[in-house]
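Chain letters run A, B, ... following the sequence lines, proteins first, then strands; residues in each count from 1.
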There are 2 protein chains.
Amino acid sequence: MFIGELSKQTKLSIDTLRYYEKIGLIANVTRDRGGRRVYDESLIAWIEFVKVLKATGMPLKHMVDYAQLRQQGPQTTQDRMSILQDHFQHIQTQLAHLQTCHDLVEAKINTYAQALADGSNIPIGSCNAFTATNEEKTNEHSS
Amino acid sequence: MFIGELSKQTKLSIDTLRYYEKIGLIANVTRDRGGRRVYDESLIAWIEFVKVLKATGMPLKHMVDYAQLRQQGPQTTQDRMSILQDHFQHIQTQLAHLQTCHDLVEAKINTYAQALADGSNIPIGSCNAFTATNEEKTNEHSS
DNA sequence: TGTTGACCTGGAGTAGGCTCCAGCACTTAC
DNA sequence: GTAAGTGCTGGAGCCTACTCCAGGTCAACA
């Protein structure tokens with residue numbers, strides 16, 4: 001498989017794939033006689049995993065570290081698992097935070113919907129959910 | 001409240017607060033005789049809301065649009081609600097995706113744990129969860 | 001009155017993660 | 001044999017979201 005095909009299958013741009021290779025996230029890329037990169041089907045699994053790590057906020061640098069351990073073979077299994085476990089904690093924190101934000105935005109939408117239904121303005125204090133320390137405030141335009 | 005205090009309360013750096021003002025995310029900042037920015041307590045609620053939007057992936061540019069509508073007062077309530085509703089969809093998608101990634105990473109960790117417990121290598125195909133189209137693959141180092 | 005600390009401005013620099021480009025090489029189909 | 005399509009390289013450029021800096025002002029306190 002050449003880079004165009006890999007790009008299609010992974011939905012990463014050709015430039016991105018070359019960039020990932022450059023920084024060490026994709027390794028051991030062989031070439032054909034013409035100098036074209038030739039990829040093994042199995043690389044797709046790794047790239048999909050990279051996308052998962054990326055989607056969960058791991059910086060490329062950390063993934064490169066992980067990739068290097070992976071290159072070193074089975075004796076780094078423990079290290080890689082530790083990295084993933086740390087990252088897993090991070091994902092859980094993210095999920096919880098995102099859920100909180102989800103609920104806050106939902107509440108805010110409901111406030112708007114209510115205000116529109118009533119024909120009223122947004123009530124004073126409608127931002128309360130977003131402040132740790134407030135009792136009552138003037139809120140001319142509301143958030 | 002001066003900028004140092006606001007920075008402490010919002011946990012945004014002074015530079016960030018000035019930057020947000022520059023791009024129009026924080027408006028109507030008054031000054032004292034000496035030219036120092038003076039903030040109203042009520043601004044904190046808006047900043048906390050901005051942090052929620054940011055944490056859920058809204059670009060600053062979009063927030064600036066929202067902020068401008070907000071400046072225009074109650075007649076933009078419907079527009080603002082629409083923006084939030086669109087963004088809410090986005091948050092739901094994110095949550096679902098993050099949950100999927102969470103589960104995949106968890107599964108991967110379990111595979112590692114199993115391998116370590118067995119003293120075995122990571123089994124062939126342990127990346128299956130990360131590929132749409134694969135049956136079996138050679139997987140010398142596993143992902 | 002002097003010093004210290006907080007604040008001001010404009011503008012440059014940074015980090016992360018790509019994205020684009022010029023100029024060239026190779027392959028494939030007609 | 002030639003044109004189209006795909007690929008190559010090195011390096012510059014871009015976008016977002018800050019972050020830092022120099023050089024200056026102002027206020028509060030001793």
Grab the [atom1]-[atom2] distance between [X] and [N] for me, whole Å please.
X: A:Leu17; N: D:dC8; atom1: CG; atom2: C1'; answer: 14 Å
X: A:Arg18; N: C:dC18; atom1: CZ; atom2: C1'; answer: 13 Å
X: B:Glu21; N: D:dA17; atom1: CD; atom2: C1'; answer: 17 Å
X: A:Tyr19; N: D:dT9; atom1: OH; atom2: C1'; answer: 17 Å
X: B:Lys22; N: C:dC8; atom1: NZ; atom2: P; answer: 14 Å
X: B:Asp32; N: C:dA6; atom1: CG; atom2: P; answer: 16 Å
X: B:Ile14; N: C:dG10; atom1: CD1; atom2: C1'; answer: 17 Å
X: A:Asp15; N: D:dG13; atom1: CG; atom2: P; answer: 16 Å

_Once you apply a heavy-atom cut-off of 4.0 Å, does A:Ile23 come out as touching a base, just sugar-phosphate, or nothing?_
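Nothing, no nucleic acid heavy atom in range.
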
*Under 4.0 angstrom, heavy atoms only, what part of the nucleic acid is A:Lys54 near: base, sugar-phosphate, or nothing?*
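Sugar-phosphate only.
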
*Is the backbone N or O of A:Gln72 less than 3.5 Å from a side-chain atom of A:Thr76, with the two atoms forming a donor-acceptor pair by type?*
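No; judged by distance alone, with no hydrogens or angles, the pair does not exist.
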
*asked:* If we ignore hydrogens and angles and just use 3.5 Å, is the side chain of A:Trp46 paired with the main-chain N or O of A:Leu25 as donor and acceptor?
replied: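 Yes, the answer is positive, given that a donor and an acceptor are paired below the 3.5 Å cut-off.
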
Can you tell me which nucleotide in [options] comes closest to the side chain of [X]?
X: B:Lys61; options: D:dT16, D:dG7, C:dC18; value: D:dT16
X: A:Thr16; options: C:dT19, C:dT27, C:dG17; value: C:dT19
X: A:Arg31; options: D:dT9, C:dC18, C:dT19; value: D:dT9

*Side chains of A:Ser13 and A:Asp15: is there a donor and an acceptor less than 3.5 Å apart?*
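No, because no side-chain N or O of A:Ser13 sits under 3.5 Å from a partner of the opposite role on A:Asp15.
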
*Establish, from distance only, whether the side-chain atoms of A:Arg80 and B:Tyr112 form a donor-acceptor pair under 3.5 Å.*
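The criterion, which ignores hydrogens and geometry beyond distance, is satisfied for B:Tyr112 and A:Arg80.
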
*Under-4.0 Å side-chain N/O to phosphate OP1/OP2 contact, A:Tyr20 with C:dC18*: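 Yes, because at least one side-chain N or O of A:Tyr20 sits under 4.0 Å from OP1 or OP2 of C:dC18.
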
*So, is B:Arg36 close to the D:dC26 phosphate, meaning a side-chain N or O under 4.0 Å from OP1 or OP2?*
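Result: no.
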
*asked:* Starting from A:Leu6, can I reach A:Phe2 by hopping between I/L/V/M/F/W/Y residues whose side chains sit under 4.5 Å apart?
replied: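 No, A:Phe2 does not connect to A:Leu6 through the hydrophobic network.
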
